Asks: 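What follows is a single structure, and I will ask about it in a moment.
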Amino acid sequence: MSAGLSSEQALPLLHRLWIYQAERFPLAKTSILLVVFTAASISVSAHLGGRTLPAWPAFATAFLVTLIVFFQLRACDEVKDAEDDQRFRPERPVPRGLLSLRLIVNLGIAGVPVAALVTVLFAPALIWPLALVWAWLALMSFEFFAPAWLKARPFLYLVSHMAIMPLIDLFVTACEWLPRAGAPPPGLWLFLALSFVNGCVLEIGRKLYGRENERPGVETYSALLGPGRAALAWSACALLAYGLLLGVGHAVQAFLPVAIIGTVALAATLACALRYARNPVGGTQKTVDAMAGLWVLVCYGAAGFAPLLAGGTL
């Protein structure tokens, strides 16, 4: 082992990258979520437009590009959180020296030509909605040139950062509607709004901590609002997402199956929020975090695939 290197730092680069993904960008979990997200988004777009599903290249393009963009979001977070991580979360991969911040940023930048090439090979006009995603991501990286002002307003911070979710979904749905119709189908705004609210469900859900896990310098909604009010805010986002999901279900002519699936998922989510509010500890924190991801999976699965069960247009 080289002098001055930890046992982790002495590992081969590919091994260290594997450890990094397991801790900060779990490929298996992320890929499952993105497969459902992209496939459901394309399905919704096709249903709204009264069209059959497109061929597999549309799904492959949406998935590959979205996977790259989500890694770029992770790289952006590493940059934004670098100082706080060094001070308050030294156990994370970058501050503990597993990988350098420069390497993570360079990997994110390297994804730009790859995603652009995949996009242009499928449909050249798709580069414009992708450019819109990257423009917003760049603004997020610089905290909209007002980091202190924005950080002092956590809910405006949440809105400004979650706004990228409907932009990503605009690109994903455009993989269906842009080459085939040239314009978004009627009612797509409901689905894009659902993406925004579901982003809030994920973001708030992952920042509801058990009391014993709160630590100075780590900003959480449970510390900001208190566990009860934070659980209420999370529940309110889930309720709003539920309302939008019902709207999407109606628009794709699959209201009943969407309503049944959504109602069951909402009941489980609200029960989870209640358990956390009554007993905000590490166990209920993990349940909330898992339920946030499950809620989003159920939402997209119901919106995108329930029309098949209802005998819709496909």
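For clarity, every value in this text was computed on a predicted model and none was experimentally measured.
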Asks: Using 0.5 Å steps for rounding, measure from the CG atom of L67 to the CG atom of L27.
Replies: 6.5 Å
Asks: Picking from V197, L266, L194, what satisfies side chain to side chain contact (heavy atoms under 4.5 Å, CB included) with Y242?
Replies: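 Between Y242 and the candidates, side chain to side chain contact (heavy atoms under 4.5 Å, CB included) is satisfied uniquely by L266.
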Asks: Inspect the contact between R92 and D85 and indicate whether a charged nitrogen and a carboxylate oxygen are less than 4.0 angstrom apart.
Replies: yes
Asks: Following the transitive rule for hydrophobic clusters with a side-chain heavy-atom cut-off under 4.5 Å over Ile, Leu, Val, Met, Phe, Trp and Tyr, establish whether L158 and L202 coincide in one cluster.
Replies: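 Linked, L158 and L202 end up in one cluster.
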Asks: Just one of E143, E219, E203 clears the side-chain hydrogen bond (donor to acceptor under 3.5 Å, both in side chains) bar with Y157, so which one?
Replies: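 By the side-chain hydrogen bond (donor to acceptor under 3.5 Å, both in side chains) criterion, Y157 pairs with just one of E143, E219, E203: E143.
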Asks: Within this structure, what is the CZ-OG1 distance for the pair R24 and T30, rounded to the nearest 0.5 Å?
Replies: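 Taking CZ in R24 and OG1 in T30, the distance rounds to 11.5 Å.
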Asks: For F191 together with Y300, are the ring centres under 6.0 Å from each other?
Replies: yes
Asks: Considering residues, nucleotides and ligands other than R153, do more than 12 of their heavy atoms fall under 6.0 Å from its CZ?
Replies: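 It does: R153 CZ has more than 12 such atoms within range.
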Asks: What distance do T263 atom OG1 and L245 atom CG have between them, rounded to the nearest 0.5 Å?
Replies: 8.5 Å
Asks: Ring pair (Phe, Tyr, Trp, His ring centres under 6.0 Å) between W134 and F171: does it pass, once the steps are laid out?
Replies: CA-CA 11 Å; W134 279 334; F171 167 81; 8.7 Å; no
Asks: Out of V172, L53, T38, which one pairs with F59 under the side chain to side chain contact (heavy atoms under 4.5 Å, CB included) rule?
Replies: L53
Asks: Are the side chain of Y276 and the backbone N or O of G210 linked by a donor-acceptor pair below 3.5 Å?
Replies: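 It does not hold such a pair.
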Asks: With S222 as reference, evaluate E214, Q285, R211 under the side-chain hydrogen bond (donor to acceptor under 3.5 Å, both in side chains) test and give the passing residue.
Replies: E214
Asks: Would you call E8 and R16 a side-chain contact if the rule is heavy atoms closer than 4.5 Å?
Replies: no
Asks: Is any side-chain heavy atom of L126 closer than 4.5 Å to one of P129?
Replies: yes
Asks: Any side-chain heavy atom of V94 within less than 4.5 Å of one from L98?
Replies: no
Asks: Treating H15 as the side-chain partner and L11 as the backbone partner, does any N or O pair qualify as donor plus acceptor under 3.5 Å?
Replies: no
Asks: Does a salt bridge link D84 with K151, judged by any charged N lying under 4.0 Å from a carboxylate O?
Replies: yes
Asks: Does V159 share a hydrophobic cluster with M140, counting links as ILVMFWY side-chain heavy atoms below 4.5 Å and allowing steps through other members?
Replies: yes
Asks: Flag yes if more than 12 heavy atoms outside L14 fall under 6.0 Å of its CG atom; otherwise flag no.
Replies: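 No, because the 6.0 Å sphere around CG of L14 holds 12 heavy atoms or fewer from other groups.
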Asks: When you compare the side chain of R51 with that of R180, does any pair of heavy atoms fall below 4.5 Å?
Replies: yes
Asks: Quick one: do E23 and R96 make a salt bridge, cutoff under 4.0 Å?
Replies: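 Answer for the salt bridge query: yes.
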Asks: For the pair Q72 and L137, evaluate side-chain contact (heavy atoms from CB on, under 4.5 Å) and give the outcome as yes or no after the intermediate values.
Replies: CA-CA 8 Å; Q72 291 169 335; L137 179 58; 3.7 Å; yes
Asks: So, do V298 and I261 sit near enough that their side-chain heavy atoms are less than 4.5 Å apart?
Replies: yes
Asks: Closer than 4.0 angstrom, basic N to acidic O: yes or no for D289 and K286?
Replies: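 Not counted as a salt bridge, because no side-chain N and carboxylate O are separated by less than 4.0 Å.
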Asks: Looking at every heavy atom in both G199 and M165, which two are closest together, and how far apart are they?
Replies: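 Looks like CA-CG, 4.2 Å.
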Asks: Out of curiosity, S100 OG to Q9 CD, how far, rounded to the nearest 0.5 Å?
Replies: 10.5 Å
Asks: If you take all heavy atoms of A233 and L225, which pair is closest and at what distance?
Replies: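 Minimum heavy-atom separation between A233 and L225: CB-CD1, 4.3 Å.
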Asks: For A58 versus C175, what's the shortest heavy-atom pair and its separation?
Replies: CB-O, 3.8 Å
Asks: Quick check: does any side chain N or O of S195 sit under 3.5 Å from a backbone N or O of P166, one acting as donor and the other as acceptor?
Replies: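 The answer is no, because no donor-acceptor pair under 3.5 Å joins these two groups.
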Asks: Is any side-chain heavy atom of F145 closer than 4.5 Å to a side-chain heavy atom of L139?
Replies: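 Yes, side chains in contact.
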Asks: Enter the distance from T220:OG1 to R215:CZ here, rounded to the nearest 0.5 Å.
Replies: 11.0 Å
Asks: For residues L224 and P154, report the shortest heavy-atom separation together with the two atoms involved.
Replies: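 Scanning both residues, the minimum pair turns out to be CD2-CG, 3.4 Å.
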Asks: Would you indicate whether the side-chain heavy atoms of L170 and L192 approach each other to under 4.5 Å?
Replies: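 In short, these two side chains touch, coming nearer than 4.5 Å.
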Asks: Look up atom CZ in F144 and atom CH2 in W149, then write down how far apart they are to the nearest 0.5 Å.
Replies: 11.0 Å
Asks: Less than 4.5 Å apart, any side-chain heavy atom of P54 and any of I42?
Replies: yes
Asks: Can you name the closest pair of heavy atoms from M291 and T269 and give their distance?
Replies: CE-OG1, 3.3 Å
Asks: Fit a plane to each ring of Y20 and F71, take the angle between them on a 0 to 90° scale, and name the class: parallel (under 30°), tilted (30 to 60°) or perpendicular (over 60°).
Replies: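 If you compare the ring of Y20 with that of F71, the planes turn out perpendicular.
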Asks: Would you sort out whether S41 and D169 count as a side chain to side chain donor-acceptor pair (under 3.5 Å), showing the intermediate values?
Replies: CA-CA 7 Å; S41 298; D169 213 1; 2.7 Å; yes
Asks: Would you say V264 ends up clustered with L274 if hydrophobic residues are merged whenever their side chains have heavy atoms under 4.5 Å apart, either directly or through other cluster members?
Replies: no
Asks: So if you build clusters from Ile, Leu, Val, Met, Phe, Trp, Tyr with side-chain heavy-atom gaps below 4.5 Å, do L270 and L232 land together?
Replies: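 L270 does not cluster with L232.
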Asks: W234 side chain to V201 main-chain N or O, any donor-acceptor pair under 3.5 Å?
Replies: yes
